[in-house]
Number of protein chains: 2
Amino acid sequence: MNITIKKIAEDLQLAVSTVSKALRDSHEISAATKARVFAYAAEIDYMPNPYASSLKRGRSGNIAVVLPEVADSFFSAAINGIEEVAQAQGYHVMVYLTHENVKTEQAIVRDFWNGRVDGVLISITSDAKDYNHLSELATRNVPLVFFDRICEDLNTTSVVTNDQECGYNAARHLIHRGCKKIAFLALFDDLSIVRKRLNGFQQALREYNFDLQQNPILYLTNDERFNKEQIRNILESKDRPDGIVGSVEKVVMQTYDVCREIRLSIPNDIRIIGFSHLQIAHLLNPSLTTITQPAFEMGKMAASILIKSLTKKSSMIRKEQIMIPSVLIERDSTK
Amino acid sequence: MNITIKKIAEDLQLAVSTVSKALRDSHEISAATKARVFAYAAEIDYMPNPYASSLKRGRSGNIAVVLPEVADSFFSAAINGIEEVAQAQGYHVMVYLTHENVKTEQAIVRDFWNGRVDGVLISITSDAKDYNHLSELATRNVPLVFFDRICEDLNTTSVVTNDQECGYNAARHLIHRGCKKIAFLALFDDLSIVRKRLNGFQQALREYNFDLQQNPILYLTNDERFNKEQIRNILESKDRPDGIVGSVEKVVMQTYDVCREIRLSIPNDIRIIGFSHLQIAHLLNPSLTTITQPAFEMGKMAASILIKSLTKKSSMIRKEQIMIPSVLIERDSTK
DNA sequence: CTTATTTACGAAACCGTTTTCGTGTGATGT
DNA sequence: ACATCACACGAAAACGGTTTCGTAAATAAG
């Protein structure tokens, strides 16, 4: 016979309800009985069945983290932060990767509709056109918190960094360094973070009287070969840019690769600044000027907000954006 | 009323057992009835309650991945591989971080004893002295597969790379490049992977008639400050080594840092080779010669083996080591 | 035409907890 | 002495599926 509450009840000549209450430290059980139950439970190494408990209580103690990928150092750090607060609060973290595919994202999120997880943290895929699978979560009372790649249409909390401001700062930094023509390397064309970074970027250009038409925007993808071809094209054109803002880590690394291939010197021929969370940016050749995102803190913050809403009675999450600032670190790639 | 099997049964004037069987495509239900049930279930958007199902069937469809950390690029890639096969097979991935703390590892693993997950993938912490929390898993019929950081005492499958051979190759590579005194940077002192890499390393030294006493081993930790101090000490000693083998990515990066601080030139003053999974090793300054581990494939393999054992009737996992070879990639740090 | 067998479904037990609702006992108040 | 009430516990009904077993009707076998 398995070690269940029932067994404890029989062995101790108690009712299962009594044992259950004792284990949950209910006030209607005497101290003496509680002590007996706890002692015996410890002795026979009783562990509650999480599924029975989840079934009855309607809560699982699991939270889902849905990410486009995990290769990027940003998401690794974010998972770290999320897991840390989850573990501290007794929650379990389920990780799902969408590989930048909406269909996959939908299938994954639909699976949460029925309470498989108590709450969801998500950084959305780039090509999502509608968000029914996400808004339906709210309908079904499973709270949702966005982080980094957010969707502004939904009524929930988002944790972001100061993307627009950083896009602005990146461009201004290059301009101050003397750049006359700056390319912006976008990732996809409809990601909130990329749009904001681009907005800030263009705002700076306007302020400094740059002609927006002359400062190209490259819309890159997850296809490395394609990206490098695009980057190479622009860097080999006769009036190539002398500055580059990379909107995500990956495209910056690809730019480094291309510069090597076609023997462009950074920062002499071209200056590069990138959004990144790379810990070893200073070890690159040349060291990379970054806008370093607080990935770990963003993960922690997002998880904290989600879990707080789970433990409160009123699980309503306010529609708001929590902003944790990034910091621009100057290194040799823009010297 | 919630959308349950019971509701479908009532609305369709069937017994709940009939509906359940129909949904599971049981042979004892007629095609006509199945069709009715499926159609209606789809219409009202029925989704089975995973906890009820798990409770009754004794299986959850979840697998646990227990890691020391996720900052390292190796484990990021491993998660990627694991998640990919899990998702394909309809399993859910729960991620737990031990932060190199046995107590934490024990607490996490104990939580699996009662069937919270169907199987466990683990890369163990360094300072584990006993493995009761792990061996108990077998007793309780939850299969376990090690990957990378394994424990050879337990009767289960491990997925590793050819650590010994690579340690050997790393040393030989440096010797061929002319190194006369080579330091080995270990991580902790009792990690299977580190021991094997060290063994191979020393085997090469012996073969080339190096005096083992003259080629130091540094036992490093997770404390970056401490590590750098150790590395700095040895690199500033009057007969410093002219070659370094880093047993894990982290200590190699720390060595790079120290070399910068004390202005040692790589590879002129000192050559460096490191075990790593870093995708951008070629972009470092100087580009880093690596023994590149097949992290993604190891994750996939480990997950495949685990899940296969879950779907088979006899869930016995053989005691064996699956070895996926790493590849030595020469770059400028050992030129 | 009777008997054996398949087919298609229903009733009910069960998985292990939680929770509601009693109920008997002793203490308290008047 | 009698009503009142807190206290400590038990019985039983959930939670939402799965599974075993039983059985009526339909079909096949003899």
Side-chain angles (χ1 to χ4, degrees), chain A residues 1-38 40-41 44-62 90 111 113-118 140-141, chain B residues 1-38 40-41 44-62 111-118 140-142 313:
Chain A
M1 178 180 178
N2 268 341
I3 300 180
T4 67
I5 268 191
K6 197 171 162 190
K7 174 172 173 50
I8 298 183
E10 283 177 12
D11 293 358
L12 257 43
Q13 296 284 41
L14 291 170
V16 292
S17 52
T18 307
V19 176
S20 175
K21 290 173 195 164
L23 289 172
R24 302 196 130 266
D25 203 27
S26 160
H27 65 91
E28 35 176 325
I29 303 299
S30 71
T33 306
K34 279 182 191 169
R36 277 179 71 209
V37 171
F38 274 117
Y40 189 64
I44 65 174
D45 227 4
Y46 165 77
M47 305 186 72
N49 181 312
Y51 298 106
S53 182
S54 292
L55 172 59
K56 184 62 195 177
R57 306 182 55 177
R59 305 189 299 113
S60 64
N62 300 334
D111 194 42
W113 285 4
N114 60 348
R116 176 178 287 279
V117 295
D118 295 345
R140 302 190 179 223
N141 281 319
Chain B
M1 178 180 180
N2 268 342
I3 300 179
T4 68
I5 266 191
K6 195 171 163 190
K7 176 174 171 50
I8 298 184
E10 283 177 11
D11 293 359
L12 256 44
Q13 295 284 39
L14 292 171
V16 290
S17 52
T18 306
V19 176
S20 175
K21 291 172 193 165
L23 288 173
R24 302 194 128 265
D25 203 26
S26 161
H27 64 90
E28 35 176 323
I29 302 299
S30 71
T33 306
K34 280 183 193 167
R36 275 180 71 208
V37 171
F38 275 117
Y40 189 63
I44 66 173
D45 228 3
Y46 166 77
M47 305 185 74
N49 181 312
Y51 299 105
S53 180
S54 293
L55 173 59
K56 182 64 193 178
R57 306 182 55 180
R59 304 189 300 113
S60 65
N62 299 335
D111 196 43
F112 302 151
W113 285 3
N114 60 348
R116 177 177 285 279
V117 296
D118 295 345
R140 303 190 179 222
N141 281 319
V142 8
K313 329 274 172 206

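Below, chain A is the first sequence line, B the second, and so on; all start at residue 1. Side chains included, hydrogens not; waters and symmetry mates left out as well; all remaining heavy atoms used.
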Inset, instruction - Five pairs at each end of the helix from C/dC1-D/dG30 to C/dT30-D/dA1: take the axis at both ends and give me the angle between them to 10°. - result: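 Answer rounded to 10°: the end axes differ by 40°.
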Inset, instruction - Identify, residue by residue, the members of residues 46-55 of chain A with a heavy atom below 4.0 Å from DNA chain C, and return them in order of residue number, or none. - result: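 Output list: A/Y46, A/M47, A/P48, A/N49, A/A52, A/S53.
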Legend entry - For A/D118 against A/S60, the heavy-atom pair lying closest together: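 Nearest heavy atoms, A/D118 then A/S60: OD1-N, 2.8 Å.
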Inset, instruction - Locate the shortest heavy-atom distance separating A/L23 from A/A41; write the atom from each residue and the value. - result: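 The pair with the smallest heavy-atom distance is CD2-CB, 4.2 Å.
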Inset, instruction - Supply the atom-to-atom distance A/K21 NZ to A/K34 NZ, rounded to the nearest 0.5 angstrom. - result: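 NZ of A/K34 is found 11.5 Å from NZ of A/K21.
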Legend entry - Straight-line distance of B/S53 OG to B/R59 CZ, nearest 0.5 Å: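 Nearest 0.5 Å value for the OG-CZ distance: 8.0 Å.
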Just by distance, do the side chain of [X] and the backbone of [Y] share a donor-acceptor pair under 3.5 Å?
{"X": "B/Y51", "Y": "A/R116", "answer": "yes"}
{"X": "A/S54", "Y": "A/P50", "answer": "yes"}
{"X": "B/N114", "Y": "A/P48", "answer": "yes"}

In whole Å, what is the span from the [atom1] atom of [X] to the [atom2] atom of [N]?
{"X": "B/L23", "N": "C/dA8", "atom1": "CG", "atom2": "P", "answer": "17 Å"}
{"X": "B/L12", "N": "C/dA8", "atom1": "CG", "atom2": "P", "answer": "17 Å"}
{"X": "A/I44", "N": "C/dG16", "atom1": "CD1", "atom2": "P", "answer": "13 Å"}
{"X": "B/E10", "N": "D/dG17", "atom1": "CD", "atom2": "P", "answer": "13 Å"}
{"X": "B/D25", "N": "C/dA8", "atom1": "CG", "atom2": "C1'", "answer": "15 Å"}

Legend entry - B/D45: partners by salt bridge (Lys or Arg N to Asp or Glu O under 4.0 Å), with sequence neighbours left out: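 Salt bridge (Lys or Arg N to Asp or Glu O under 4.0 Å) list for B/D45, sorted by chain: A/R110, A/R140.
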Legend entry - Within 6.0 angstrom of A/K6 NZ, more than 12 heavy atoms from elsewhere: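 Not buried by this count: 12 neighbours or fewer within 6.0 Å.
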Polar-atom pairs under 3.5 Å, protein N or O versus N or O of nucleotides 23-26 of chain C: list them with distances, or write none.
none

Inset, instruction - Spell out protein contact along nucleotides 5-13 of chain D as letters: B when the base is contacted, S when just the sugar-phosphate is, - when no protein heavy atom is under 4.0 Å; keep the 5' to 3' order. - result: ---BBBBB-
Heavy-atom distance under 4.5 Å between the side chains of [X] and [Y], does that happen here?
{"X": "B/V37", "Y": "B/L12", "answer": "yes"}
{"X": "B/K7", "Y": "B/N2", "answer": "no"}
{"X": "A/I8", "Y": "A/I44", "answer": "yes"}

Legend entry - side chain to side chain contact (heavy atoms under 4.5 Å, CB included) partners for B/T18, two or more places apart: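 In terms of side chain to side chain contact (heavy atoms under 4.5 Å, CB included), with neighbours along the sequence ignored, B/T18 is linked to B/L14, B/A15, B/I29, B/T33.
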